[in-house]
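As a basis for the values below, the full set of heavy atoms in this structure was taken, side chains included, without hydrogen atoms, waters or symmetry mates. Throughout, residue positions are numbered sequentially from 1 according to the sequence presented. Since the structure is predicted, the reported quantities are computational estimates derived from the model, not experimental observations. In listed order, ligands and their atoms are each counted from 1.
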Amino acid sequence: MEKLIIEGGVKLEGEVRISGAKNAALPLIAATLLAPGEHVLKNVPDLRDTRTMLKLLENLGVRSQRNGDVLKIDSTDLESGEAPYDLVKTMRASVLVLGPLLARLGRARVSLPGGCAIGARPINYHINGLELLGVTCDLEGGYVDATIDGRMKGNTIYFDLPSVTGTENLLMAAVQAEGTTVIKNAAREPEVGNLVDMLNGMGARIEGRDTDRLTIHGVENLNPANCAIIPDRIETGTYLIAIAATGGEGVVTHCNPSHLPSLLEKLRATGLRIEETESTITVRQPNGSATPGPLKGTDITTSPYPGYPTDLQAQFMALMTLASGISAVHETIFENRFMHVAELQRLGAKIKVDGHTAVVDGCSMNGLSGARVMATDLRASSSLVIAGLAASGRTEISRIYHLERGYEGLVDKLTALGARVWKEQE
Ligand code: EPZ
């Protein structure tokens, strides 16, 4: 077990390069199960979660080889249709093999993901959608046992909430179904768009990219893929907020500003100066003076894309603990996504939680002081890193395996921006 040590109070400055998106890499790696042959995926981040997905595929008989950020995956010898509990319990996104295994083998036995720190997170939409495509799903012994005789049959599927992995799983299930499938109230996240591009590149016929209505005309066969993973918009947002929280200025490169409409507007509302090019975002302190004043308290409400991303809620809250005045943070996607509040309070933050709303009383840039804190989930832990970088003195964050699930080369990237941060054994 490792912990992260941060000597805070240093302004972050310079450039940081963004990696490929975790939440695009996971479904795109799973999609390689759909067609035999060698697939090539580029800009693939090397993370604990992508390694778990590759281990899951290896379990199924799939070979893969990494060369830098390029992955070659050959699913010709796919044999097993089982995703075991021991792997699925470490990463819920393992459920993404359900659709492609059914399309390829006509059977899949996938462990139910179980509980999660941020909410119940059931997969009923995934199962209901598969049943509408003609699949028989038996839930037994903590597993979904799913089978289909022959090809799935196109149908219309409506989501009560635009589930991201639900949309991705059913897209992968429906591309080789007989007839046409329509997914209504589909998720519009850029990661879904990345998957649509990959599948259409493999020979699928999907219409409605970036809209809440996806139409999938089933095809008989698909070819191996050759495509790139989009930049990680959550990693992008995390570094922009980290730089801003320390009173610094910097450029985030190899990102896609158009994937962060709501965040960039909220950062501007705090007074920060944000400049965009096609693949970079520059963040500067308000009014350009050497001693910039505190940021303005700003409210956020998380919602499905293009609304404010729930995966950047904790990081923005950390920034608001340093602002002047009151900010309200409303979390509408997950029922238990304020685990970071108690840890931020240990650093001196003033936050009150009432149901799905946290009210932050900002300390105007000079109130946080270092302490020992504990990571509880991936994004909560990144908010503790941000607060630790801004705080005076030393912060120690334990259970940092959460961070390694979704941030590639975090210590190196922060050090390159001037941070004093390192890992130590617990
Ligand atoms: C994806 O999770 C992301 N994970 C999450 O990122 C992200 O927080 C989430 O979308 C929302 O943006 C990946 O892409 C791998 P949902 P997902 O299905 O697909 C309810 C991170 O930090 N729901 O869109 O699991 C659900 O409980 C992670 O990188 C059902 O009720 O989320 C939630 O309230 C954390 N039944 C809402 O829908 C279902 O069958 C949205 O969840 C499915 C979802």
Q | Residues which pass ring-ring contact (aromatic ring centres under 6.0 Å, His included) with F338, listed by chain and number, not counting sequence neighbours | A | none
Less than 3.5 Å apart, N/O on ligand 1 and N/O on the protein: could you list those pairs with the distances?
unit_1, atom_1, unit_2, atom_2, d
ligand 1, 2 (O), R121, NH2, 3.2
ligand 1, 6 (O), N23, ND2, 3.4
ligand 1, 6 (O), D311, OD2, 2.9
ligand 1, 8 (O), D311, OD1, 2.6
ligand 1, 8 (O), D311, OD2, 3.4
ligand 1, 18 (O), S163, OG, 2.6
ligand 1, 19 (O), T165, N, 2.8
ligand 1, 19 (O), T165, OG1, 2.6
ligand 1, 22 (O), R379, NE, 2.8
ligand 1, 24 (O), V164, N, 2.8
ligand 1, 25 (O), R121, NH2, 2.9
ligand 1, 29 (O), K22, NZ, 2.9
ligand 1, 29 (O), N23, ND2, 3.1
ligand 1, 29 (O), R379, NH2, 2.8
ligand 1, 34 (O), I333, O, 2.7
ligand 1, 36 (N), P122, O, 3.3
ligand 1, 36 (N), N124, OD1, 2.7
ligand 1, 40 (O), P122, O, 3.2
ligand 1, 40 (O), N124, N, 3.1
ligand 1, 40 (O), N124, OD1, 3.1
ligand 1, 40 (O), Y125, N, 2.8

Q. Will you find, in the side chains of T302 and E331, an N or O donor that is under 3.5 Å from an N or O acceptor?
A. yes
Q. Hey, which of L71, I73, N226, T32 is the one that makes side chain to side chain contact (heavy atoms under 4.5 Å, CB included) with V40?
A. N226
**Q.** Salt-bridge contact K22-E235 (side-chain N to carboxylate O under 4.0 Å)
**A.** no
With a 3.5 Å cut-off and sequence neighbours excluded, list the donor-acceptor pairs that the side chains of residues 109-122 form with protein atoms.
unit_1, atom_1, unit_2, atom_2, d
R109, NE, E82, OE1, 3.2
R109, NH1, D145, OD2, 3.4

Q: Quick one: list whatever passes ring-ring contact (aromatic ring centres under 6.0 Å, His included) with Y407, sequence neighbours left out.
A: none
